[in-house]
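Inspection log for the structure reproduced underneath, given as structure tokens.
Note that these values count all heavy atoms, side chains included, but never hydrogens, waters or copies made by symmetry. Numbers for residues simply follow the sequence, beginning at 1.
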Amino acid sequence: MLALGMTTNIFTACVDDIDVGNAFLEKAPGVDVNVDTVFSKAEYARNFLWSAYGQLYCTYTSGNMMNGAPIDVLSDSYHCYVGWGGPIQSYYPGGLTENAQDTDNSNFQGKFSYSTKNPSSDADGRVSIYETVRKCWQIIENIDRVPDMTDDEKSRLRGEAYTIMASRYYDAFRNFGGLCLVKKAFPVGEDFTEGRSTAWQTVEFIDSLIQCAINEPGYIWNIPDADIGQWSGRLTRASARALRAKVWMFAASPLFNNDQPYMTYSKKPTGFENEEHVWFGKADPTLWNRCLQYCNDFFDDNAANGNYYQLIQPTSADEAGYRTAYRRAYRYRNDETHHEKIFDAQPTLTLSDGGWGWGWRGFALDCLRQGGAVPTNELMECFGMQDGRVFPYSDIYGAGKNPNGYDMFADRDPRLYETMLVPQRSLPAGFDYAGQQYVDSWVGGMMDQNSNFNNKDDIASGYCKFKWLLDYFGGSRYDDEYIGVSYIRLAEVYLIRAEARAETGDFKGALDDLHVVRSRVGLGRIETMNPELNLTSNKENLINEILRERNCEIGAECGDRVYDMIRRMRQDLFTKPLHEIRIYRLDDSGNRMTDGDLRWDASTPWPKFEYEKPEIAVGHRRWWDAGYWTNKWYLDPVSRIEIQKGYGLTQNPGW
């Protein structure tokens with residue numbers, strides 16, 4: 001299988017380190033390759049584009065892991081327990097600084113890198129967006145020079161380059177706000193004089209790149225099924241249209257689209273007296289109409305192309321069918337029969353006798369197994385019941401609070417069981433856990449007693465992460481198929497449209513889109529099953545349910561939960577205490593059993609339980625405390641070294 005993101009050594013060598021004002025591609029000392037060589041042959045030009053694919057953002061690659069922790073641990077859904085992790089070293093204690101982007105100590109790096117550091121280091125590998133932008137402009141400006149390539153393919157590669165570039169600008173936009181906009185490949189000696197643009201200029205520029213991609217006549221809607229085995233992961237016009245909707249969802253949200261900036265300066269930088277680089281200058285509700293239009297454009301184009309992209313549906317109306325459909329949707333690449341992924345963020349993974357390459361198995365998965373991202377009780381409560389009700393147990397925690405011993409993990413949204421490990425009396429056919437057909441993950445159960453489970457950090461909260469891993473006992477379940485990490489898949493486009501419809505007053509349309517996604521796992525209509533929420537008329541409740549559904553459906557895929565909290569300015573979610581779980585088995589007299597081997601014997605009745613939810617104390621999140629919080633945390637600090645280069649960068653408020 002073609003690994004799209006792999007870069008041959010010859011083309012790595014021909015690209016100099018990014019430095020604003022330098023050429024985007026020039027001959028390196030001792031290497032007889034330059035821009036003329038790269039675009040002298042179709043094979044070379046294609047390989048150069050594949051190297052840009054390798055720099056697409058994925059939260060499970062080393063440069064985006066904050067030394068062992070994905071971005072999700074900055075949300076309310078996961079917590080990092082590893083003492084050497086970046087969050088526990090810098091974010092949680094509130095110690096992140098504007099120098100975080102410049103240090104070689106990855107314990108203190110920010111969640112997203114503005115500048116490239118240690119590009120040859122497997123342990124770091126942070127890549128500036130401008131390194132990718134440079135490659136894309138070179139392709140766009142030079143692809144017509146390639147002699148042995150058809151005009152259709154040249155157009156297609158330009159469309160892919162525009163889409164890659166737009167995605168990288170969007171990555172930086174949602175972390176920093178207004179950016180320096182590179183609008184061509186600058187030759188050596190030409191000054192970079194435009195400086196930092198406003199937030200509005202930045203989002204409009206991203207949109208213009210996407211429009212350029214859409215306009216390319218050779219940019220196909222989807223990979224033909226006959227070619228998908230080789231080319232799964234390549235971007236298409238559908239990728240560009242979906243990205244456009246996602247960009248405007250962020251832009252229309254209150255972080256930038258507000259009647260006042262999220263934070264002001266004590267000393268304003270010259271040229272940005274009104275914080276225009278982190279604020280649009282006003283609240284414009286029509287931006288949600290724009291987002292809605294781009295969602296509809298996607299669905300119209302999809303319909304015109306035979307509705308090629310569709311949600312993967314269950315083959316049986318039971319837990320096994322629902323879980324399998326959901327797993328195929330989030331985990332595996334598109335194939336000849338499943339077409340839900342629209343924009344893969346990590347299409348470079350290949351399977352061999354040794355398992356996945358180091359960038360996936362050796363770093364991301366191993367760090368998750370060491371406590372790099374452990375689910376919180378708040379995430380568990382996010383998932384509702386199998387019939388479609390929201391989580392109903394509001395006062396079940398504490399001694400004597402569950403007198404009937406209810407099993408609060410029974411009959412839940414099947415995505416809960418695919419996301420985190422919780423007690424289950426029986427597993428569907430074809431599913432097992434460490435060779436067992438049940439999960440007894442309470443105090444004194446399997447996890448406490450199994451000798452193979454020797455790293456307690458990844459169950460530190462009382463829960464285990466299951467999404468992506470599929471096992472915890474040293475097996476190889478995650479080596480079953482080629483994995484594709486979604487930047488955008490079809491379920492999210494429905495959820496983006498649901499939010500845009502809710503914001504523009506179409507509550508029924510929003511609820512219909514929600515139901516399309518939820519019905520895949522057998523959930524009843526949310527407005528019918530939860531009449532107390534008044535979702536047909538209460539906009540605030542509806543938006544909250546859409547955000548919750550986004551967390552259940554696409555959480556831990558591309559960091560969307562933390563970015564939802566940011567774009568919606570959810571200080572309440574950032575500052576609320578987070579909790580672990582302690583599940584206690586009860587004896588026949590209703591007393592807690594805490595000592596000895598309490599694993600379940602499948603020949604006996606399923607036990608009754610009592611629950612505690614202690615507040616997370618390891619790596620206490622001081623930056624989340626209500627008395628410590630400042631809105632500066634909504635955006636990252638800009639690299640101090642980059643600011644000092646003098647080409648017009650400014651620091652974000654509060655840093």
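Atom NZ of K508 sits in a sparse spot, with 12 or fewer heavy atoms from other residues, nucleotides or ligands closer than 6.0 Å. For CD of E532, the number of neighbouring non-hydrogen atoms (other residues, nucleotides, ligands) closer than 6.0 Å is greater than 12.
For the side chain to side chain contact (heavy atoms under 4.5 Å, CB included) with R570, the lone residue among N544, D564, D76 that qualifies is N544. For the side-chain hydrogen bond (donor to acceptor under 3.5 Å, both in side chains) criterion with N305, the lone passing option out of D301, N307, N302 is D301.
Both the sub-6.0 Å distance and the 45° axial angle are satisfied by K246 relative to the ring of Y487. Geometrically, R323 does not engage Y417 in a cation-pi contact, judged by NZ or CZ lying under 6.0 Å from the ring centre and within 45° of the ring axis. In this structure, R174 is not positioned above the aromatic face of F250 in the sense of NZ or CZ being under 6.0 Å from the six-membered ring centre and within 45° of the axis.
D411 pairs by the side-chain hydrogen bond (donor to acceptor under 3.5 Å, both in side chains) definition with nothing, not counting sequence neighbours. A search for side-chain hydrogen bond (donor to acceptor under 3.5 Å, both in side chains) contacts involving R389 returns D387, not counting sequence neighbours. R412 pairs by the salt bridge (charged side-chain N to carboxylate O under 4.0 Å, His left out) definition with nothing, not counting sequence neighbours.
The two residues V517 and L311 make their nearest non-hydrogen contact at CA-CD1, 4.2 Å. Scanning both residues, L542 and A502, for their nearest heavy atoms gives CD2-CB, 3.7 Å. Heavy-atom minimum distance, R168 versus I129: O-CG2, 3.4 Å. Considering every non-hydrogen atom in both A213 and T163, the closest pair reads CB-OG1, 3.5 Å. Heavy-atom minimum distance, K467 versus A556: CD-CB, 4.5 Å.
Note on R489 versus E492: no salt bridge recorded, every NZ/NE/NH1/NH2 to OD/OE distance being 4.0 Å or above. Taking 4.0 Å as the cut-off between side-chain N and carboxylate O, R568 and E503 count as a salt-bridged pair.
For Y170 and W248, the ring centers are positioned 6.0 Å apart or more.
Ring planes of F280 and W200: perpendicular class, angle over 60° (limits at 30 and 60°).
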